[in-house]
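Just below is one structure, and these are the notes that go with it.
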Amino acid sequence: MAETILEIDNLTSGYQVKQGRVEAVKEVSFKLGSGEFLGIAGESGCGKSTLAYSILKLLEDNGQIFSGSINYGGQNLATLSDKAMKKVRWSKISMVFQSAMNALNPVITIKEQLLDAMYAHRPGLKEKEAIARAKELLELVNITPDRLYDYPHQLSGGMKQRIMIAMAMILQPDIIIMDEPTTALDVVVQRNIIEKIGDLQEKFGFSIIFITHDLSLLVEISDRLAIMYAGRLVELGNAEEIYKNPAHPYTEGLMASFPPLVGEIKEVGGIPGKPPDFFKLPTGCKFETRCPYAFARCKKENPEFKSYDSSGRLARCFLAGEER
Ligand SMILES: Nc1ncnc2c1ncn2[C@@H]1O[C@H](COP(=O)(O)OP(=O)(O)OP(=O)(O)O)[C@@H](O)[C@H]1O
């Protein structure tokens, strides 16, 4: 892997609720390489957004990082002050939120919204320069510069989402976190946007953490994949290798739920049952209650997240690397 730009170590974060702590992210560790495209997939509620918001320290009021570290640029973001975090957020690590396009203000033109975002970080910027930069950003996401003077309602959903991607790139960050950036759009538009993101990444070299529940979107574009279940990473490794041979039964089930956009469709299956309640997690393997391969040991012991062969792939399953 290229030089590490972000290292998450044993991160546990989540929310304080009446019943106690929801540990929506539990002991998660991974490294993100410079220029790497890391895809994170898992069913709704497995903690993907909580992980993203933890990195940027944008958790809701009842949210909290309980333990672990988020190392970026020689600092631990998990313990960084709000003031210091403001220097990192957007300029070094930015984010495109789930249905971000709805965050565009309907009564203000795209120009004003882009310029406001620029002035917020570079107060001395001259208007002429800011407009030139705004036009350049629109062109990067394949929107003609004259659209700068439009209001959001004059643009399609795909265009609005591309504008949000342009916004995330304004300050040329090292890392862009994308949380389901295309979910609200139809499949063809989704694909165009993802291709565009890939082009931009190649051109500018930023790293991407791309979060989705739709694994088929990730397989082709990601360098590596991380699969989350009940707040934990259950598999992490090279995207193509995971696709060819998933080591964790949950990954296998996810693959079957989302057939690839291109290539052979094996079998459209799915995963029986639903994700567990964070307050009633099984004692052993957290996936045991839904796993077609579970055996006695899985009920009692929680498998470690570890490398099981020479490829460096990590998986949390007693059967990883074995014939299932
Ligand atoms: N503010 C909150 N207070 C309490 N629990 C929360 C809060 N926000 C999220 N959760 C819970 O944390 C868990 C993880 O949620 P999260 O949104 O991170 O999952 P996700 O994988 O991103 O799901 P989705 O794809 O639906 O956004 C869920 O059980 C969710 O109900």
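Residues: numbered from 1 along the sequence shown. Atoms within each ligand, like the ligands themselves, are counted from 1 in listed order. Just so you know, these numbers use all the heavy atoms, side chains as well, and skip hydrogens, waters and symmetry mates.
In this structure the side chain of F206 reaches within 4.5 angstrom of the side chain of M169, judged on heavy atoms. Here the side chains of T109 and D150 are not in contact, with every heavy-atom distance at 4.5 Å or above.
Residue D82 qualifies as open at atom CG: its count of foreign heavy atoms under 6.0 Å is 12 or below. In the displayed structure, R133 atom CZ is contacted under 6.0 Å by more than 12 heavy atoms of other residues, nucleotides or ligands. A 6.0 Å sphere centred on NZ of K196 holds more than 12 heavy atoms belonging to other residues, nucleotides or ligands.
Note that atom 29 (O) of ligand 1 has protein non-hydrogen atoms nearby, at separations under 4.0 angstrom. Distance check on atom 14 (C) of ligand 1: some protein heavy atom falls below the 4.0 Å cut-off.
Not close to ligand 1: Q16, with no non-hydrogen atom less than 4.0 angstrom away. In this structure, H213 has no heavy atom closer than 4.0 Å to ligand 1. Put simply, part of C46 is less than 4.0 Å from ligand 1, judged by heavy atoms. Taking a 4.0 Å cut-off on heavy atoms, M228 fails to register as neighbouring ligand 1.
Closest to atom 27 (O) of ligand 1, if we only count protein heavy atoms, is Q98 NE2, 3.3 Å. Closest to atom 19 (O) of ligand 1 among all protein heavy atoms lies G47 N, 3.2 Å. Here the protein heavy atom with the shortest distance to atom 3 (N) of ligand 1 is N62 ND2, 2.9 Å. Distance from atom 23 (O) of ligand 1 to its nearest protein heavy atom, with residue and atom name: G45 N, 2.7 Å. The protein atom (non-hydrogen) at minimum distance from atom 24 (P) of ligand 1 is S44 OG, 3.6 Å. Looking at atom 16 (P) of ligand 1, its nearest protein heavy atom turns out to be T50 OG1, 3.6 Å. Looking from atom 6 (C) of ligand 1 to the surrounding protein, the closest heavy atom is Y15 CD1, 3.3 Å. Here the protein heavy atom with the shortest distance to atom 21 (O) of ligand 1 is K48 NZ, 2.9 Å.
Counting the atoms of ligand 1 from 1 in the order shown, those under 4.0 Å from a heavy atom of S49 are 17 (O), 18 (O), 20 (P), 22 (O), 27 (O). Taking every heavy atom of E60 and a limit of under 4.0 angstrom, the matching atoms of ligand 1 come to 1 (N). Within ligand 1, the atoms closer than 4.0 Å to a non-hydrogen atom of E180 are 25 (O), numbered from 1 in the order shown. Within ligand 1, counting atoms from 1 as listed, the ones closer than 4.0 Å to a heavy atom of V17 are 4 (C). Per-residue contacts place A24 under 4.0 angstrom from the following atoms of ligand 1 (heavy atoms of the residue considered): 12 (O), 13 (C), 14 (C). Contact atoms of ligand 1 toward E43: 21 (O) (distance under 4.0 Å to a heavy atom of the residue).
Salt bridge present: R224 and E36 bring a charged side-chain N and a carboxylate O closer than 4.0 Å. Taking 4.0 Å as the cut-off between side-chain N and carboxylate O, K135 and E139 do not count as a salt-bridged pair. E23 has no carboxylate O lying under 4.0 Å from a charged side-chain N of R232, or vice versa, which leaves the two without a salt bridge. Between K31 and E3 there is no salt bridge, since no side-chain N of the basic residue sits under 4.0 Å from a carboxylate O of the acidic one.
For ligand 1, none of its N or O atoms has an N or O atom of F278 under 3.5 Å away.
Between Y151 and H153, the ring-plane angle classifies as parallel under the 30° and 60° cut-offs.
A ring-centre distance under 6.0 Å is not found for Y293 and F287.
Cluster annotation: Y53 is connected to L80 through the hydrophobic network of ILVMFWY side chains, with a link wherever side-chain heavy atoms come within less than 4.5 Å.
The side-chain hydrogen bond (donor to acceptor under 3.5 Å, both in side chains) with Y250 is formed by just one residue from the set R290, R316, E235, E43; it is E43.
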